[in-house]
There are 2 protein chains.
Amino acid sequence: MNDNTLLSLASSRQAPVPNSRLYLQIADKLAQQINAGELKPGMRLPAERDLAQQYDVSRQTVREALIALEVSGLVDIRPGSGVYVLQEANLKSSILVENAPGPLEIMEARLLLEGDAAALAAERISNEELLKLKAYLNQMISLVQQQRSAEAETFDGKFHQLIASATRNSALQSMIEWLWALRESSELSQLFAEKIRRQVAGPNIEAHEKIYLCLSRRDAAGAKAAMQSHIAQVTEAYVLLIGE
Amino acid sequence: MNDNTLLSLASSRQAPVPNSRLYLQIADKLAQQINAGELKPGMRLPAERDLAQQYDVSRQTVREALIALEVSGLVDIRPGSGVYVLQEANLKSSILVENAPGPLEIMEARLLLEGDAAALAAERISNEELLKLKAYLNQMISLVQQQRSAEAETFDGKFHQLIASATRNSALQSMIEWLWALRESSELSQLFAEKIRRQVAGPNIEAHEKIYLCLSRRDAAGAKAAMQSHIAQVTEAYVLLIGE
DNA sequence: TCCATCAAAGTGGTTTGACCAAAAATTTAT
DNA sequence: ATAAATTTTTGGTCAAACCACTTTGATGGA
């Protein structure tokens, strides 16, 4: 019965102690009214001040409850206007990634995505960004020469991230960020990176220089080819490791 | 091929429209740190009072941001103890928070990603999947003939999703799913889709047939070209709408 | 009468500062 | 060394303001 629509951390059905957090109780009550159809889509809820009085809590608590509802997709908060019911059947499909992609899948996706991104970036990158890119490259070179490959890799990441940002496409940028984060959160990928770090001095300087060169020349096709060749090379190292 | 002429009303990460709601800005910053891996799972965030000082906002605002993150499933708030990071590398979170990519950004990303995906799929798709694809296509045709364009579009989505799945690359698949989910969660994109639905009968059957044909022939280059031409056409319709 | 304009009221957004209860860290007593 | 008592830290809640924006409605001229 106690549906506890939001954040049902509770496995216990009828916990004598309801959620200790008041704003979640309020959020649940409102969510139940919405799901029960008492509050129909399009309707405006009472003002925060009224809800506070109605449930005998502070306005602040009501606000927190409403924010929870908004993030859940149940209501739409319109500043200066009010809070409006959006939907009653909340059956949106979760887009959660259950089975994390493997290292090779990540690299294949990077090959395609970052290749395209490099081509786009070549046409859209600003001179300031090119300077920043060059700076990253120099840091990378310096750190590699000092055998500090681990630190050099952080600039490797920044280098690629900056190119993603230069595409002026936040969707592309988000996806590339995600792929890198995946790599860092994957044990297997980390293991590969570790092994490779022992074998080679650090990030491939020449490959990055070539990418930078193509970008500075606004050579989209060249940048794409250079980026894909770079990533393919790293992937190759992965494959060799697996072969062992 | 790379139709980079897509004008970019791009809202880059650098200069996002400062959402008037401060707590969403804070939530976004924290979410980005989590997704970027700066805040790793299990880590405890600074105390609310510290975060408030760090971001130069009130503690109340920080609380609201944290509640949004909790409902999003990124953090776990433990009263009396602290706020802990739950997961990272979750593309979903980018939808819940602001800074959602615009319609044209989404389409540009789809052009690149789904183009590559079609090429990969041409080489890897199974006969069973081809049959399923054909079935989707037939349903689409039938629904379009009955003027039920809205329903036809659901099979449009399934069609593209199946191709993404046929790449055998879960990273690619997740990203394409994410792009579609973005489109559906974006008011502006929905508006566009609605307007287009009134103008045209429904999904472009010929374009989908051509894609299917190339896939069945295992023609990677052809599939990529067909897919990109298809998406470019839809994008073109968007651009025309903006022109009005 | 109509309607553009502007003032007032309503609404969410944010700040400040205070107090509480529970968890965690520290000290004290055994 | 262990257990108990105490202090500190942390999130949870309340309160009273003020702000910016939206909505409403009254006003006044055409």
Side-chain angles (χ1 to χ4, degrees), chain A residues 4 6-10 12 15-31 33-34 39 42-86, chain B residues 16-31 34 39 42-86 96-99 187:
Chain A
N4 208 359
L6 297 167
L7 290 186
S8 51
L9 325 160
S12 54
V17 179
N19 209 322
S20 61
R21 284 178 282 183
L22 200 45
Y23 72 86
L24 283 181
Q25 295 179 37
I26 307 295
D28 264 338
K29 287 183 185 174
L30 290 172
Q33 286 187 47
I34 292 173
L39 293 170
M43 259 186 197
R44 212 200 71 182
L45 307 129
E48 291 180 351
R49 293 166 174 82
D50 295 337
L51 284 173
Q53 191 174 351
Q54 179 178 334
Y55 289 107
D56 196 36
V57 298
S58 78
R59 192 186 149 208
Q60 226 22 267
T61 300
V62 170
R63 277 185 56 72
E64 294 176 351
L66 290 176
I67 287 170
L69 290 180
E70 183 185 37
V71 178
S72 304
L74 284 173
V75 303
D76 181 23
I77 300 180
R78 295 211 273 271
S81 176
V83 181
Y84 300 82
V85 178
L86 277 184
Chain B
V17 178
N19 193 320
S20 58
R21 285 180 277 185
L22 199 44
Y23 73 86
L24 281 182
Q25 295 179 38
I26 306 295
D28 199 38
K29 287 182 185 175
L30 291 173
I34 293 174
L39 294 170
M43 257 186 200
R44 211 200 71 182
L45 282 73
E48 291 179 350
R49 294 166 175 84
D50 295 335
L51 284 174
Q53 191 174 351
Q54 180 179 333
Y55 289 107
D56 197 37
V57 298
S58 75
R59 191 185 149 211
Q60 209 45 244
T61 300
V62 169
R63 279 186 55 73
E64 294 176 352
L66 290 176
I67 288 171
L69 290 181
E70 182 183 38
V71 178
S72 302
L74 267 83
V75 303
D76 181 23
I77 299 180
R78 297 210 271 273
S81 175
V83 181
Y84 299 82
V85 177
L86 276 184
L96 301 170
V97 191
E98 62 176 75
N99 274 350
E187 270 188 39

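In the text below, chain A, chain B and the rest are named by the order of the sequence lines, each starting its count at 1. Computation of the quantities below employed the complete heavy-atom set of this structure, encompassing side-chain atoms and omitting hydrogens, waters and symmetry-equivalent molecules. None of these values were measured; they are calculated from a predicted model.
Listed candidates were D:dG12, C:dT15, D:dT10. Nearest to the side chain of B:R44 is D:dT10. Residue A:A47 places its side chain closer to C:dT11 than to any other of D:dG12, C:dT11, C:dT15.
With rounding to the nearest 0.5 angstrom, the CD atom of A:E48 is 14.0 Å from the CD atom of A:Q53. Once rounded to the nearest 0.5 Å, the distance linking CD1 of A:I67 with CD1 of B:I67 reads 6.0 Å. Between atom CG of residue B:L45 and atom CG of residue B:D50 there is a gap of 11.0 Å, rounded to the nearest 0.5 Å. Interatomic distance, B:I34 CD1 to B:M43 CE, rounded to the nearest 0.5 Å: 11.0 Å. For the atom pair A:Q54 CD and A:D56 CG, the distance stands at 11.0 Å (nearest 0.5 Å).
One can place CG of B:D76 at 17 Å from P of D:dT10, the figure rounded to the nearest angstrom. When rounded to the nearest whole Å, the span between CG of A:L22 and P of D:dG11 equals 18 Å. One atom, CG of B:L45, and another, C1' of D:dG11, lie 13 Å apart when rounded to the nearest Å. As a whole-Å value, the separation of B:Q60 CD from D:dG12 P is 11 Å. If you measure from atom CD1 of A:I67 to atom P of C:dT14, you get 8 Å, rounded to the nearest angstrom. Between A:E48 atom CD and D:dC14 atom P there is a gap of 14 Å when expressed in whole angstrom units. Atom OH of B:Y23 and atom P of C:dT14 are 7 Å apart (whole Å). Atom CZ in A:R21 sits about 9 Å away from atom C1' in D:dG11, given to the nearest Å.
Shown here are the side-chain contact (heavy atoms from CB on, under 4.5 Å) partners of B:R78, two or more places apart in sequence or in another chain: B:D76, B:S81, B:Y84. Listed by chain and number, the residues in a salt bridge (charged side-chain N to carboxylate O under 4.0 Å, His left out) with A:E70 are B:R21 (sequence neighbours excluded). Residues satisfying the salt bridge (charged side-chain N to carboxylate O under 4.0 Å, His left out) criterion with B:R44, sequence neighbours excluded, are absent altogether.
Contact check of residues 50-58 of chain A against DNA chain C (heavy atom, cut-off under 4.0 Å) returns no residues at all.
For the pair B:P79 and B:I77, the tightest heavy-atom approach, listed with the atom from each and the gap, is CD-O, 3.4 Å.
Side chains of A:V83 and A:L69 form no contact here, defined as non-hydrogen atoms less than 4.5 Å apart. The side-chain heavy atoms of B:L66 and B:L30, taken from C-beta on, include a pair separated by under 4.5 Å.
Taking 4.0 angstrom as the limit, B:T61 places none of its side-chain polar atoms (N or O) nearer than this to OP1 or OP2 of C:dG13.
Consecutive pairing runs in DNA chain D reach the stem threshold at C:1-30 with D:1-30, where a stem means at least three Watson-Crick or G-U wobble pairs with distances under 3.5 Å.
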What string of B, S and - do you get for nucleotides 19-24 of chain C, 5' to 3', if B is base contact, S is sugar-phosphate-only contact and - is no contact with any protein heavy atom under 4.0 Å?
B---SS
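When heavy atoms are screened at a 4.0 angstrom cut-off, B:I77 is found touching the sugar-phosphate backbone but no base atom.
For A:Q33, the CD atom counts as densely surrounded, since its 6.0 Å shell holds more than 12 non-hydrogen atoms of other residues, nucleotides or ligands.
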